[in-house]
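To start, the structure under review is shown below, and the notes come after it.
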Amino acid sequence: MTEHGTAPTTDHRAGPHDDPDARSTHLPGDGHMWFMVLGDLVIFGCYFIIYMGFRAAHPQEFLAAQQQLNVTIGVVNTIVLITSSWFVAQSVLATRAGERARAVNLTYGAAALGVVFLVLKVYEWANEISRGYTNSNEFFSFYYVLTGVHLFHVGMGLIILGVMVRELRNPRRARPAMVEQGATYWHMVDLLWVVIFALLYVLR
Amino acid sequence: VTTSSGTIKSSRTITVVWLVLTAITVSSWWLAPGHLSSVATASIPITVAAIVLGVIKSRLIIRYFMEVNSAPKWLRRSTDAWLAILWGSVLIIYLL
């Protein structure tokens with residue numbers, strides 16, 4: 001409608017962190033968090049490979065047990081965690097842009113979805129146990145350990161999201177590096193779940 | 001505080017990644033043995049598809065959500081090594 005609205009605009013306001021064309025690299029958070037995350041990834045990676053080894057010894061038994069899992073809850077929970085990660089990633093961007101209130105709300109959104117994941121997972125376990133699928137079955141013993149250790153990480157992640165909110169609410173703090181650290185941990189929880197979902201629910 | 005064009009672009013990228021991850025997740029529902037009413041049988045094509053989709057999903061999370069795409073080379077290399085060793089081992093153990 002307006003004449004000047006169609007004029008090309010040049011934007012030089014991009015800061016050092018959010019210029020996508022800058023060739024300089026940026027380590028989100030700090031080295032300590034990445035050391036922990038990479039360590040966790042290696043440990044979980046070993047669990048996953050051991051699981052595949054045991055599965056290869058009895059593929060029919062494992063497949064029959066896998067078929068007893070509730071795929072619908074698995075799919076819904078995967079989408080819940082992916083969406084939660086989206087909230088945290090947006091919160092990091094809001095923090096860098098100085099929009100603290102928005103960053104806090106996005107982090108609350110992420111945490112709420114984390115709680116939804118937790119509740120659905122516990123419901124899923126209760127349902128499986130009530131149908132008699134316990135640790136006595138080899139597949140289910142892996143399933144309970146892997147998803148149990150993962151759920152512990154979800155709990156840890158929720159505490160870390162709480163620390164993020166505390167950081168963001170303090171006007172003197174709100175350090176982007178602190179928020180990035182929390183975000184990195186939360187995305188790792190999402191990443192590990194995506195692997196668990198593929199190996200336990202989908203693979204045949 | 002004005003939102004810079006860089007932030008808007010990053011925000012859009014994150015949303016596109018979220019859409020792709022969600023679409024892949026929904027499509028895996030049909031691959032999974034749990035949705036079948038008959039007895040599931042082993043399937044190499046479905047397993048390979050599950051692994052390929054797993055690789056795409058986990059790398060998208062690492063590269064875009066965890067922002068490793070713009071991280072130093074040592075982090076890009078080490079996360080790619082983790083992905084290659086993990087998914088490579090899964091495929092090899094399955095096929096052996």
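Naming: A, B, ... by sequence-line order, numbering from 1 per chain. Atoms considered below: every heavy atom in the structure, side chains included; atoms not considered: hydrogens, waters and symmetry mates.
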If only atom types and distance count, is the side chain of A:Gln66 paired as donor or acceptor with the main-chain N or O of B:Ala40 below 3.5 Å? no

Answer yes or no: is there a donor N or O on one side and an acceptor on the other, between the side chain of A:Tyr201 and the main chain of B:Ser28, under 3.5 Å? no

Options A:Thr72, A:Leu191, A:Leu27, ranked by heavy-atom pairs under 4.5 Å with chain B, top entry: A:Leu191

Side chain, backbone, both or neither of A:Trp86 within contact of chain B (heavy atoms, under 4.5 Å): both

Under 4.5 Å from any heavy atom of chain A, what part of B:Trp74 do you find: side chain, backbone, both or neither? side chain

Checking B:Thr47 side chain against A:Arg204 main chain: does a donor-acceptor pair fall under 3.5 Å? yes

Against chain B, label A:Ala56 side chain, backbone, both or neither, depending on which of its atoms sit under 4.5 Å from a heavy atom there. side chain

B:Ser78, B:Ser43, B:Ser11, B:Ala42: which one forms the most heavy-atom pairs within less than 4.5 Å of chain A? B:Ser11

Looking at side-chain heavy atoms only, is the closest gap between B:Met66 and A:Trp186 below 4.5 Å? no

Side-chain touch B:Glu67/A:His187, heavy atoms, less than 4.5 angstrom: no

Contact check, side chains of B:Val90 and A:Tyr51, non-hydrogen atoms, under 4.5 Å: no

Counting only non-hydrogen atoms closer than 4.5 Å, does A:Phe197 touch chain B with its backbone (N, CA, C, O), its side chain (CB onward), both, or neither? side chain

Go through the atoms of A:Val76 and report whether side chain, backbone, both or neither lie under 4.5 Å from a heavy atom of chain B. neither

Hey, does B:Trp87 have a side-chain heavy atom less than 4.5 Å from the side chain of A:Val195? yes

Please state whether the side chain, the backbone, both or neither of A:Val194 comes within less than 4.5 Å of a heavy atom of chain B. side chain

Largest heavy-atom contact set with chain A, pairs under 4.5 Å, which of B:Leu60, B:Thr15, B:Ile44, B:Asn69: B:Thr15

Could you check if a side-chain atom of A:Thr78 sits within less than 4.5 angstrom of a side-chain atom of B:Lys57, using non-hydrogen atoms only? yes

Within the 4.5 Å heavy-atom criterion, are B:Ile14 and A:Gln90 side-chain neighbours or not? yes

Any side-chain heavy-atom pair of B:Thr79 and A:Leu38 under 4.5 Å: yes

Answer yes or no: is there a side-chain heavy-atom contact under 4.5 Å between B:Arg76 and A:Thr25? yes

Could you walk me through whether A:Thr184 and B:Phe65 satisfy the side-chain contact (heavy atoms from CB on, under 4.5 Å) test, starting with their C-alpha distance in whole Å, then the side-chain angles of each, then the deciding distance to 0.1 Å, before giving a yes or no? CA-CA 8 Å; A:Thr184 299; B:Phe65 282 178; over 6 Å; no

I'd like to know which of B:Leu86, B:Val39, B:Leu75, B:Leu21 tops the heavy-atom pair count under 4.5 Å against chain A. B:Leu75

Residue from B:Val48, B:Val17, B:Ile61, B:Leu53 scoring the most non-hydrogen pairs under 4.5 Å with chain A is B:Ile61

